[in-house]
Engineer: 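The structure's right below; bear with me while I get my questions together.
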Amino acid sequence: MPTIRILPPELASQIAAGEVVERPASAVKELIENALDAGARRVDVRIAGGGVTLLAVSDDGSGMAEEDARLAIERHATSKLRGIDDLTRMRTFGFRGEALPSIASVSRFRLLTRTGEADGGVEITIEGGRVDAARPAAAPVGTTIEVRDLFFNVPARRKFLRATGTESAHVGDVLEGAALSRPEVTFTLERDGRRVREWLRASGRPERARAVADDDTLEECGGERGPLRVLALLSRPERARNGATGLRLLVNDRPVRDRALALTVAQAYGSVLERGRYPVGVVYLDLPPELVDVNVHPQKTEVRFADARTVQDALYGILSRTLAAAFSLPAPARSPWTTARPPLAAERVGGWGAPSARAVASPAQGALPSGGLAQPASTPLAAAADRALAAAPPLDALAAASPAGAPVLTDQVAERVETRFAAAAEPLDATMGAVLRVGDAAPLRPRPETPWASLRFVAQLRQTYLLCEGGDGFYVLDQHAASERVAFDRLRKLHQARQIPMQAMLFPLVLEVTAEEVTLVEERSGDIAALGLELRVRGPASVSVHAVPRLLPRASPERLVRDLLGELSRTGGRAYSAALDLALATFACHGALRAGDPVSAPEAAALLESLDQADFAGHCPHGRPVVTFTSWADLERKVGRR
Amino acid sequence: MSAGLPPVSPPESEVELLARARALAGRTLGAVAGEHGVSAPPDLRRAKGFVGTLVERALGATAGSRAEPDFPALGVECKTLPVDARGVPCESTFVCTIALETMAGAEWEGSVVQRKLAKVLWVPVEGDRRLEVARRRLGEPLLWSPSSAEEAELRHDWEELSGLIGRGGVEQVRGELGRALQVRPKAAGSWSRRRALDAEGAFFATLPRGFYLRATFTARVLQAHYHLPGAAGAR
């Protein structure tokens with residue numbers, strides 16, 4: 001008797017279910033996606049016991065005829081895919097034909113469905129993957145799937161489920177993702193008999209995003225670059241959170257997890273967001289399905305871009321400028337490092353982020369590797385050239401590809417690209433003097449007619465705040481944040497002019513670092529010098545600090561260097577401008593006044609005067625508000641004089 | 001210091017001089033001395049001038065103790081500056097000896113002090129006496145010329161002090177005179193004597209004197225040009 005045997009179908013399904021159905025939320029996700037693919041305008045979800053006892057998804061979609069319903073519970077049965085070419089143009093959520101049989105194999109499963117044309121519906125019940133019964137039944141048009149006792153026959157997996165509340169939260173999370181992807185669909189969630197979420201049909205993405213985030217203050221911004229369209233509804237920087245849990249990303253309406261994209265969104269805020277902090281909100285990315293591979297994982301929460309680096313660069317380019325305008329942030333720095341870096345091959349042939357790029361058309365689908373799309377962003381530079389030749393072409397050039405598939409340069413396309421880039425690259429007006437009202441997150445618009453220097457310094461409070469009097473009210477400045485903002489702004493302006501003056505250390509400071517950091521110092525010595533730091537390599541794991549920026553007499557050289565190397569190491573080869581802003585922000589922080597420092601009247605006056613010179617938007621470089629304002633009218637109201 | 005290895009050739013330019021000095025930054029006196037075939041003394045009480053001579057030799061200085069800058073071709077004087085852990089100079093800095101009998105009518109322009117301080121290569125050195133001499137490190141060099149305010153200050157002091165000496169008042173010159181420059185005895189021992197003029201114009205023998213830069217003055221120079229160890233979080 002052979003020792004190798006074919007597994008029984010039920011067992012194979014249970015094993016496969018492990019990939020698709022990790023927890024109740026993943027089953028709900030699959031079922032909602034099926035509902036949406038069936039054209040539902042309303043999706044109702046009910047759960048009990050965190051989705052383990054019961055999860056049910058009802059939709060008013062097209063429903064299934066009896067024959068289709070029977071097929072739907074067979075493995076790899078799908079209406080959405082006919083051939084491998086379809087895979088690269090996939091617009092529906094599901095296509096693998098795995099979800100229903102997988103769920104059915106690990107639960108007590110009931111499917112009730114009816115098409116609009118049929119007089120009656122059909123009900124199929126399955127227990128542990130075996131069809132228990134299939135009979136005609138009365139049903140509304142659409143499909144309802146009930147899943148009870150999930151994992152009843154896979155106790156090992158059941159053991160790994162979290163508390164009921166946690167599992168319910170995951171279901172809510174999935175529903176939010178679906179609601180964001182389809183604003184035109186009504187979604188409801190009932191938990192243990194109580195309706196906990198309801199999003200009625202919305203007019204569009206912004207309305208739905210604000211409804212899901214329950215936040216009307218999310219700012220809408222976005223734009224286009226090449227074939228990438230971005231729509232973002234994002235919070236002000238001061239509402240940022242640690243970690244990206246409040247930031248949702250949707251690629252072609254598919255909620256995805258992508259750390260690099262989330263990081264790019266955070267980086268687009270520039271220095272006002274500290275490392276590790278992310279805004280709250282939603283970012284929609286739309287691009288031709290040929291340029292993104294959704295078939296990376298059965299749960300389809302991960303995607304792979306044909307050229308992830310270019311997508312990230314384009315996203316950064318769009319958001320950094322629109323966010324700067326929306327939130328009066330300092331305009332993003334142009335890094336000399338970015339320009340000094342040799343252009344990626346993708347940019348040479350018309351990358352979406354390069355202002356001087358020329359679009360080149362190349363075969364659209366014929367050039368795609370048959371097994372999937374090109375490798376993601378971390379591809380080394382050398383491989384980028386190959387990638388550029390193989391990857392799908394960006395932009396309208398796709399449409400202009402010659403039938404024979406030969407690369408064609410289209411001047412009209414190139415011109416359109418350049419025009420678009422030029423518009424995106426226009427500098428923003430420096431916005432000055434935005435302040436926050438006490439107890440009000442909305443900033444006042446810039447009021448250049450009230451220079452900071454015109455305020456009268458009254459007193460220092462708790463050796464931390466500067467109380468100042470103006471004609472319209474009183475201002476309380478956070479002395480550290482204000483001083484940090486001034487230092488940051490000076491540093492950045494000087495850096496842009498490559499003029500950060502150095503100050504020699506009295507004695508060189510020797511630091512033990514990693515071998516990678518030593519390499520970084522060797523490779524980036526000129527760029528590091530432009531930051532006002534002189535570092536020399538002393539050994540395989542040590543560098544010495546010989547000079548530091550003159551503007552930062554109070555900063556610890558060791559902290560400056562370690563923070564800089566840390567930022568650069570973490571950033572890797574991309575978005576040096578973002579790393580640079582963070583490094584400069586950290587520099588400024590180290591060199592600024594601190595809470596607890598006594599500040600004299602002349603020092604306070606000098607600081608106010610400096611704020612007038614700063615590209616100041618009411619935030620310190622890490623995003624904290626610098627100043628609060630209370631008008632005399634507010635004060636009078638509060639004390640009952642009005 | 002013993003003769004050691006052959007001397008280093010003089011630098012041909014300020015750039016070369018500065019590059020040589022920068023190459024010494026962070027190195028210990030022991031290591032530099034070893035390279036030049038000499039050994040560092042156990043302490044500097046009996047080896048005054050060891051650090052200055054060693055650094056001058058390492059940089060290729062030729063003037064020795066003559067009344068001209070250490071690098072005559074470049075017009076650069078080399079001064080080592082012992083500093084404490086906070087970057088504060090430990091002592092005043094000797095500039096030159098004073099020709100007591102010829103000070104009457106001397107002018108600032110062209111004076112030894114003016115020529116020596118016109119361009120100085122400062123080389124900080126760790127001055128903590130608890131630290132073994134051989135383990136003390138050399139610091140980042142600074143090629144410095146006095147600002148107009150500093151030069152005015154030096155000139156004012158020099159004219160006041162040299163005027164007093166020129167008028168025969170050398171015995172009235174005390175260490176507390178002068179904000180930037182001061183005059184102090186400069187002698188190998190109390191037996192040393194130099195000729196000087198008294199108020200009547202008669203020669204008499206007195207202790208040799210020298211011009212020194214006050215430590216407060218050099219501290220200001222360091223503060224203006226260096227990131228000092230005590231500066232971080234000093235407020």
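Chain identifiers are assigned alphabetically (A, B, ...) following the order of the sequence lines, protein sequences preceding nucleic acid strands; residue numbering begins at 1 within each chain. Please read all numbers here as calculations on a predicted model, not as lab measurements. Values below: every heavy atom of this structure, side chains too, minus hydrogens, waters and symmetry copies.
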Engineer: Indicate yes or no for a side-chain donor-acceptor contact from B/His227 to the backbone of A/Ala555 under 3.5 Å, with no hydrogens or angles considered.
Structural biologist: yes
Engineer: Can you tell me which portion of A/Leu509 sits under 4.5 Å from chain B's heavy atoms? Options are side chain, backbone, both or neither.
Structural biologist: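 When you check distances to chain B, no heavy atom of A/Leu509 falls under 4.5 Å.
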Engineer: Surrounding CD of A/Glu609 (heavy atoms of other residues, nucleotides or ligands, distance under 6.0 Å), is the total greater than 12?
Structural biologist: no
Engineer: How long is the straight-line distance from CE of A/Met505 back to OH of B/Tyr226, given to the nearest 0.5 Å?
Structural biologist: 11.5 Å
Engineer: Is it the side chain or the backbone of B/Leu222 that comes within 4.5 Å of chain A heavy atoms, both, or neither?
Structural biologist: side chain
Engineer: If you draw a 6.0 Å radius around OH in A/Tyr465, do more than 12 non-hydrogen atoms from other residues or ligands fall strictly inside?
Structural biologist: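 Result for OH/A/Tyr465: open.
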Engineer: Taking all atoms of both residues into account, what is the closest heavy-atom pair of B/Ala25 and A/Pro508, and its distance?
Structural biologist: C-CG, 3.7 Å
Engineer: Evaluate the side-chain proximity of A/Glu534 to B/Arg22: yes if any heavy-atom separation is below 4.5 Å, no if none is.
Structural biologist: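 Yes, close enough: below the 4.5 Å cut-off.
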Engineer: Enter the distance from B/Glu126:CD to A/Leu506:CG here, rounded to the nearest 0.5 Å.
Structural biologist: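 Between B/Glu126 CD and A/Leu506 CG, I get 9.0 Å after rounding to 0.5 Å.
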Engineer: Does atom CZ (A/Arg490) have a neighbourhood of more than 12 heavy atoms from anything else shown, all under 6.0 Å?
Structural biologist: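 Counting neighbours around CZ of A/Arg490, 12 or fewer heavy atoms of other residues, nucleotides or ligands fall under 6.0 Å, so no.
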Engineer: What part of A/Arg559 gets within 4.5 angstrom of chain B, counting heavy atoms only: side chain, backbone, both, or neither?
Structural biologist: neither
Engineer: Would you indicate whether B/Glu12, at its atom CD, is surrounded by more than 12 heavy atoms from other residues, nucleotides or ligands within a distance under 6.0 Å?
Structural biologist: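 No, not enclosed.
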Engineer: If I measure from the heavy atoms of chain A, does B/Val83 come under 4.5 Å with its side chain, its backbone, both, or neither?
Structural biologist: side chain
Engineer: Any donor-acceptor pair under 3.5 Å linking the side chain of A/Arg550 with the backbone of B/His225?
Structural biologist: no
Engineer: Let me know if A/Arg536 has heavy atoms under 4.5 Å from chain B in its side chain, its backbone, both or neither.
Structural biologist: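 Just its side chain gets close to chain B.
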Engineer: Check whether any side-chain N or O of B/Glu140 sits under 3.5 Å from a backbone N or O of A/Phe507 as a donor-acceptor pair, and report yes or no.
Structural biologist: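 Pair absent, no side-chain N/O of B/Glu140 close to backbone of A/Phe507.
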Engineer: More than 12 heavy atoms of other residues, nucleotides or ligands under 6.0 Å from CD of B/Glu107: yes or no?
Structural biologist: no
